[in-house]
**Student:** 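If you scroll down you'll find the structure; I have some questions about it.
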Amino acid sequence: MTTPDSIRTAANRYGFMLQICCLQSPISYTLARPVHAHMIASGFQPRGHILNRLIDIYSKSSKLNYARYLFDEIPQPDIVARTTLIAAYSAAGDLKLSRKIFSDTPLRMRDSVFYNAMITAYSHNHDGHAAIELFCDMQRDNFRPDNYTFTSVLGALALVAEKEKHCQQLHCAVVKSGTGFVTSVLNALISSYVKCAASPSAQSSSLMAEARSLFDEMPNRDELSWTTIITGYVKNNDLDAAKEFLNGTSKKLGVAWNAMISGYAHRGLYLEAFEMFRKMIMSKIQLDEFTFTSVISVCANAGCFRLGKEMHAYFLKTVANPAPDVAMPVNNALITFYWKCGKVDIAREIFNKMPERDLVSWNIILSRYVNVGCMDEAKSFFNEMPEKNILSWIIMISGLAQTGFAEEALKFFNRMKLQGFDPCDYAFAGAIISCSVLGSLKHGRQLHAQVVRYGHESSLSAGNALITMYARCGVVDAAHCLFINMPCVDAVSWNAMIAALGQHGQGTQAIELFEEMLKEGILPDRISFLTVISACSHAGLVKEGRKYFDSMHNVYGVTPDEEHYARIIDLLCRAGKFSEAKEVMESMPFEPGAPIWEALLAGCRIHGNIDLGIEAAERLFELKPQHDGTYVLLSNMYAVAGQWNDMAKVRKLMRDRGMKKEPGCSWIEVENKVHSFLVGDANHPEVRQIYNYLEQLVLEMRKIGYVPDTKYVLHDVESDLKEHELSTHSEKLAVAYGFMKLPHGATVRVFKNLRICGDCHNAFKFMSKVVGREIVVRDGKRFHHFRDGKCSCGDYW
DNA sequence: GTAGGGTTAG
C-alpha cells in the first residue's frame, strides 16, 4: 500500500464509497464510518477531496466537532474545506465561527463559491444587511457573482428594511451579470418581488405585476417557478389568481397545493381549504407532513373532531415510521387539535410521548394554558420549559396582560430583556397593554420611547397598543395624534381610536371617525360595531346607535351576536327606552343570557325601574349566582329608592351565598409609583394628611354649593356618619392625593376598578372648580373629564 | 464546497 499507484487506487475506491454515502438522503454517517475506519486501519492518509468529503459528511451528521478536528489536522486547509466548514457552522447557527473561518482565509485563496457560502451563512442566520454588504465586498474584491450568489443574496432581502430598493438594485445587477435568463435566478427574483409586495406598506399590486411579468417572460420554467408565483399570490391575498395558476398547469406541485390550503385556512375559509385538500387527493398529489399539518390545523379551528381524528389515523397509515422531523410538526398540530376539541388528556399524551420536541411543541402547550386562562399552570409550565424563544415570552406577557395581571406582565417583559431577548413589537404590545390596564401613563410613555428606539414605530401591533394605552390613560389627544401619524393602519387601529373617543364621551367624534373608516373602504368587523354602538351609548346617541345596529347585518353582513344585542339594550335602557329594549330582546334569535340581563339591570338602576330591575336580577341570580355585581346593583337600587329592608335582604342573600362585594379600589400614579386606595383606607403612609386635606377641601366646596348626597351610602346609618363614609371613598382619597403630590396645575388622573360613585362624581365637579384643575377619572366603564365644574359625560353614564 | 417554494406556537 505504499506505491503511488496503490495509493491512487485506494483513493479512488475510498472516494467512490464516500460519494455513495453523500448520495444518501440524509447523508449517511453510518455508511461512512466504516469506510473512514478502514482508512485508519490500513494506514491510508486521507487528503484533498477525500478529506474534504469526510469533513462534509461529519459536519452534516451532527458530528461538527469531529469535522473540526479533521479540519485542524490539515496543515493548509484548501478553499473547499473552508467552504464546507463555513456552511456547517452556519447550519448549526454559529455565525461567529463561520465568520472566523471566512476572515482567516487570505484573499488570494478565495473564490466565488466561498463568498456564496458566507452570504448564505448570513442570510440563514437572519443578518440580511451583512449578506448584502458581503455581496458588495465580493464585487469590490473582483469576484464575479454567479447564479448561486444571486439566489443567496436575494433570499436575504426578506430580512431587511427598504426591500424594494434593494430588490430593484439586485434586479439590475442580475441583468448586468448575464444571469438574467437563468431559471433559478429568475425564481429568486420573482420570490423577492413577492416578498416586497407582501410587506405592509408596499404598493402590492405593481410589485406583484412585476413578479408576474418576470414569470411570463421566463424562457424556461421549472416546478419551482410555478410554485413561487402561486405561493406569491397566496401571500398577497389573491387566492383566486393562485387557483387559476394551479389549474393552468399539469405539474404536480405539492408545495403550491399546501400553500393554498394554508392560505384558505389563515383566512378562515375552512370549506375552501377542505375542498382544496379533496382535489389534491383526486389529482393524486403526494400528501406530505405539511399537508397533514395544515389540514389538522383546519380541523382544530373549524372544530371538526371526527375529520381530525380520521386525518390522524390517515397520517399514521400513510407515513409509517416517520422521521422525527416529519412527525414533529404533525404531532404539534395534533396537540392543538385535541386540546381545542376538549381532549386535553390526549393532547398531553401526544406531547409526553413525542420522542423529540421542538420549541413549537412547548409553546403550543403554553399558549393553550394561557388561552383557557389557566395562568398558574402556564407559569409553572413556562418554568419547566428547557428552552424558550421570544414567542414563549410573548405568550406569557400578552396572556398576563389580557387576564389583568398587568404588573406581572411587566415583570415578565423586564425578565425577558434581562435574558438577552430584544423585545419585538408584539412583546412591546403586551407590555403597553399592561400599562393601559394599570393606567400607568409614565411607564407607557417610556415604553413608547423604547418602541421608537428599537425601530418598531411603524409596527401595527405596537401602534395599536399605544393608541389603547394613551386612551385608557386618559390622554385621548395623544392617542389621536399617534393614530393620525401611523404609516399604515388596519381595522384594529380604527376600532381602537373609535373606542378611545367613545370611552371619553366624544360620541359624535367617534361616529365621524367610524364614517371616515367606511369612506376609506375599511370593512367594519364585529368589534367595530361593538365599539361604535358603545360610543353612541355613552353619549346618549340613541338614534345613531340604532341605525348602526340595524345596518350591521343588512349592509355589512356582520351577524349581531349576544354582545351586540347587549350593547344595543344598554343604549336603549340608559336612555330609559325600556319598551324598545324589550322589543329588541324579543326579536333576538336566542334566549337572553347574562350580558343582556346585565345591560337591562344597569339601565334599570339608572332610571330607578325597580320592577324590571328585579326581574333582571333574578334571571342573573340563576345564570351567574356567583357574580357579585348583580347583588350590588340590586342593593344599590333599593338603597337609592330608600327601601332599606329590601336592601338588607339582598345583602343577607349575598352573605348566605358566601359572596363578598368586590371592594372599590382607586389608584393614581405619582412619581413613577402607583398608589392605591380602598374605601376608608388606613394603610397609606400619608393617610392623615390626605384626610385633613380632604376635610379642608370639602369646606371650600360647600361654600359654592356642594351638598354630600347621602343616598350613595349603602348602609342605613345616621346622617353625619353617612357623610363621613362618603368622604372616604377610594376615588376621593386618590384624587386628593393627586392634588397634594402632583405638580401644580397638572391634570389628576385617577383609576377605579368599579363604577364611580354618584356623590364622588358630583364632588369632583366642585373640586375641579375650587382647585382650578382638571380631573380625569377612569372607572370600570368609561372616562369622566372634570373641568370647571362640569363633567364630559354630561352626567349621562 | 455554495441557492431558491409550503406546516404547527402569537
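In the text below, chain A, chain B and the rest are named by the order of the sequence lines, each starting its count at 1. What you see is a predicted model; the values in this text were computed from it and never measured.
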**Student:** Taking atom types as they are modelled, would you say the side chain of A:Thr83 forms a donor-acceptor pair with the base of B:dG1 within the 3.5 Å cutoff?
**Tutor:**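 Between B:dG1 and A:Thr83, which were checked side chain against base, a qualifying N/O pair under 3.5 Å is present.
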**Student:** State, without any angle test, whether A:Asn332 and A:Ser361 hold a side-chain donor-acceptor pair at a distance under 3.5 Å.
**Tutor:**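 Yes, side-chain donor-acceptor contact under 3.5 Å.
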**Student:** Taking CZ from A:Arg82 and P from B:dT2, how many angstroms apart are they, rounded to a whole number?
**Tutor:**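 Rounded to the whole Å, the gap is 17 Å.
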**Student:** Does A:Thr227 get its side chain close enough to the base of B:dG5, under 3.5 Å, for a donor-acceptor pair?
**Tutor:**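 Answer yes: a donor N or O sits under 3.5 Å from an acceptor.
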**Student:** Using a heavy-atom cut-off of 4.0 Å across all strands, would you classify A:Asp111 as base, sugar-phosphate, or nothing?
**Tutor:**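 Base contact - A:Asp111 has a heavy atom under 4.0 Å of at least one base atom.
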**Student:** Respond yes when some side-chain nitrogen or oxygen of A:Ser184 is under 4.0 Å from OP1 or OP2 of B:dA3, and no when none is.
**Tutor:**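 No, no such contact exists.
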**Student:** Tell me the interatomic distance from A:Met109, atom CE, to B:dG1, atom C1', rounded to whole angstroms.
**Tutor:**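 These atoms are roughly 12 Å apart.
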**Student:** For A:Ser225 and A:Phe215, what are the C-alpha separation, side-chain angles and deciding distance, and is it a side chain to side chain contact (heavy atoms under 4.5 Å, CB included)?
**Tutor:** CA-CA 7 Å; A:Ser225 321; A:Phe215 177 87; 4.1 Å; yes
**Student:** In whole angstrom, what separates A:Leu391's CG from B:dG10's C1'?
**Tutor:**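 Distance check: A:Leu391 CG to B:dG10 C1' gives 5 Å.
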**Student:** Describe the nucleic acid contact of A:His49 in one word from base, sugar-phosphate, nothing, applying a heavy-atom distance below 4.0 Å.
**Tutor:**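 No contact.
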**Student:** Between the base of B:dG5 and the side chain of A:Asn187, is one N or O donor paired with an acceptor at under 3.5 angstrom?
**Tutor:**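 Under the 3.5 Å cut-off, the side chain and the base do not form any donor-acceptor pair.
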**Student:** Can you check side chain to side chain contact (heavy atoms under 4.5 Å, CB included) on A:Phe277 and A:Leu287, steps first, answer last?
**Tutor:** CA-CA 9 Å; A:Phe277 175 64; A:Leu287 310 180; 4.1 Å; yes
**Student:** Expressed in angstrom and rounded to an integer, what is the separation of A:Met328 atom CE from B:dT8 atom P?
**Tutor:**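 Taking atom P of B:dT8 as the reference, CE of A:Met328 is at 15 Å.
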**Student:** Of the candidate nucleotides B:dA3, B:dG5, B:dT7, which contains the atom at the shortest distance from the side chain of A:Pro329?
**Tutor:**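 Nucleotide nearest to A:Pro329's side chain: B:dT7.
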**Student:** Heavy atoms from C-beta onward define the side chain here; which of B:dT8, B:dG1, B:dA9 lies closest to that of A:Thr293?
**Tutor:**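 Nucleotide nearest to A:Thr293's side chain: B:dT8.
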**Student:** Provide, to the nearest angstrom, the distance between the OH atom belonging to A:Tyr89 and the P atom belonging to B:dT2.
**Tutor:**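 Distance check: A:Tyr89 OH to B:dT2 P gives 16 Å.
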**Student:** Let's see if you can work this out: which of B:dA3, B:dG10, B:dG1 has an atom nearest to the side-chain heavy atoms of A:Cys424?
**Tutor:**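 So the nucleotide nearest the side chain must be B:dG10.
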**Student:** Please pick, from B:dT8, B:dT2, B:dG5, the nucleotide with the shortest atom-to-atom distance to any side-chain atom of A:Asn332.
**Tutor:**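 Among B:dT8, B:dT2, B:dG5, the one nearest the side chain of A:Asn332 is B:dT8.
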**Student:** Nearest of B:dG4, B:dG10, B:dG1 to any side-chain atom of A:Leu224?
**Tutor:**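 Ranking B:dG4, B:dG10, B:dG1 by closest atom to the A:Leu224 side chain puts B:dG4 first.
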**Student:** Kindly confirm whether the side-chain ring of A:Phe290 is stacked on the base of B:dT7, judged by centres under 5.5 Å and planes under 30°.
**Tutor:**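 It does not: the two rings, one from A:Phe290 and one from B:dT7, miss the stacking criterion.
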**Student:** For the pair A:Glu408 and A:Lys379, find out whether any cationic side-chain nitrogen is under 4.0 Å from an anionic carboxylate oxygen.
**Tutor:**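 Judged by the 4.0 Å cut-off on N to carboxylate O distance, A:Glu408 and A:Lys379 do form a salt bridge.
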**Student:** Expressed as a whole number of angstroms, how long is the span from A:His124:NE2 to B:dG4:P?
**Tutor:**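 Spelled out: NE2 on A:His124 to P on B:dG4 is 4 Å.
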**Student:** Assign A:Ile364 to base, sugar-phosphate, or nothing according to its heavy-atom contacts below 4.0 angstrom with the strands shown.
**Tutor:**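 Sugar-phosphate contact only - A:Ile364 comes under 4.0 Å of backbone atoms but never of a base.
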**Student:** Could you work out which one of B:dT2, B:dG1, B:dG10 sits closest to the side chain of A:Arg53?
**Tutor:**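 So the nucleotide nearest the side chain must be B:dG1.
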**Student:** Whole angstrom is fine here: how far is it from OH in A:Tyr193 over to P in B:dG4?
**Tutor:**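 Whole-Å distance recorded here is 19 Å.
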**Student:** Rounded to the nearest angstrom, tell me the gap between atom CD1 in A:Ile397 and atom P in B:dG10.
**Tutor:**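 Taking atom P of B:dG10 as the reference, CD1 of A:Ile397 is at 15 Å.
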**Student:** Mind checking if A:Asp222 touches a base, just sugar-phosphate, or nothing, with heavy atoms under 4.0 Å?
**Tutor:**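 Base contact - A:Asp222 has a heavy atom under 4.0 Å of at least one base atom.
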**Student:** Does the pair A:Asp78/A:Arg82 count as a salt bridge with the N-to-O cut at 4.0 Å?
**Tutor:**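 Not counted as a salt bridge, because no side-chain N and carboxylate O are separated by less than 4.0 Å.
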**Student:** Under 4.0 angstrom, heavy atoms only, what part of the nucleic acid is A:Asn389 near: base, sugar-phosphate, or nothing?
**Tutor:**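 Base, at least one base atom sits under 4.0 Å.
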**Student:** Would you mind telling me which of B:dG10, B:dT8, B:dG1 lies closest to the side-chain atoms of A:Ile79?
**Tutor:**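 Of the candidates, B:dG1 comes closest.
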**Student:** Assign A:Leu253 to base, sugar-phosphate, or nothing according to its heavy-atom contacts below 4.0 angstrom with the strands shown.
**Tutor:**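 No contact.
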**Student:** Among B:dG5, B:dT2, B:dG1, which is the nearest nucleotide to the side chain of A:Val255?
**Tutor:**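 Closest of the options to the side chain of A:Val255: B:dG5.
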**Student:** Consider the side chain of A:Lys195, meaning its heavy atoms from C-beta on, and name the nucleotide among B:dG5, B:dT2, B:dT7 that approaches it most closely.
**Tutor:**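 Out of B:dG5, B:dT2, B:dT7, the nucleotide with an atom closest to A:Lys195's side chain is B:dG5.
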**Student:** Considering only B:dT8, B:dG1, B:dA3, which nucleotide approaches the side chain of A:Val360 most closely?
**Tutor:**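 Closest nucleotide to the A:Val360 side chain: B:dT8.
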**Student:** Under 4.0 Å between a side-chain N or O of A:Lys388 and OP1 or OP2 of B:dA9?
**Tutor:**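 Result: no.
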**Student:** Do you know which of A:Phe135, A:Phe150, A:Phe143, A:Tyr148 makes ring-ring contact (aromatic ring centres under 6.0 Å, His included) with A:Tyr115?
**Tutor:**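 Looking at A:Phe135, A:Phe150, A:Phe143, A:Tyr148, the match for A:Tyr115 under the ring-ring contact (aromatic ring centres under 6.0 Å, His included) is A:Phe143.
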**Student:** For the NZ atom on A:Lys63, are there more than 12 heavy atoms of other groups (residues, nucleotides or ligands in this structure) within a distance under 6.0 Å?
**Tutor:**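 Counting neighbours around NZ of A:Lys63, more than 12 heavy atoms of other residues, nucleotides or ligands fall under 6.0 Å, so yes.
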**Student:** Can you find a side chain N or O atom of A:His266 that sits less than 4.0 Å from OP1 or OP2 on B:dG10?
**Tutor:**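 No, no such contact exists.
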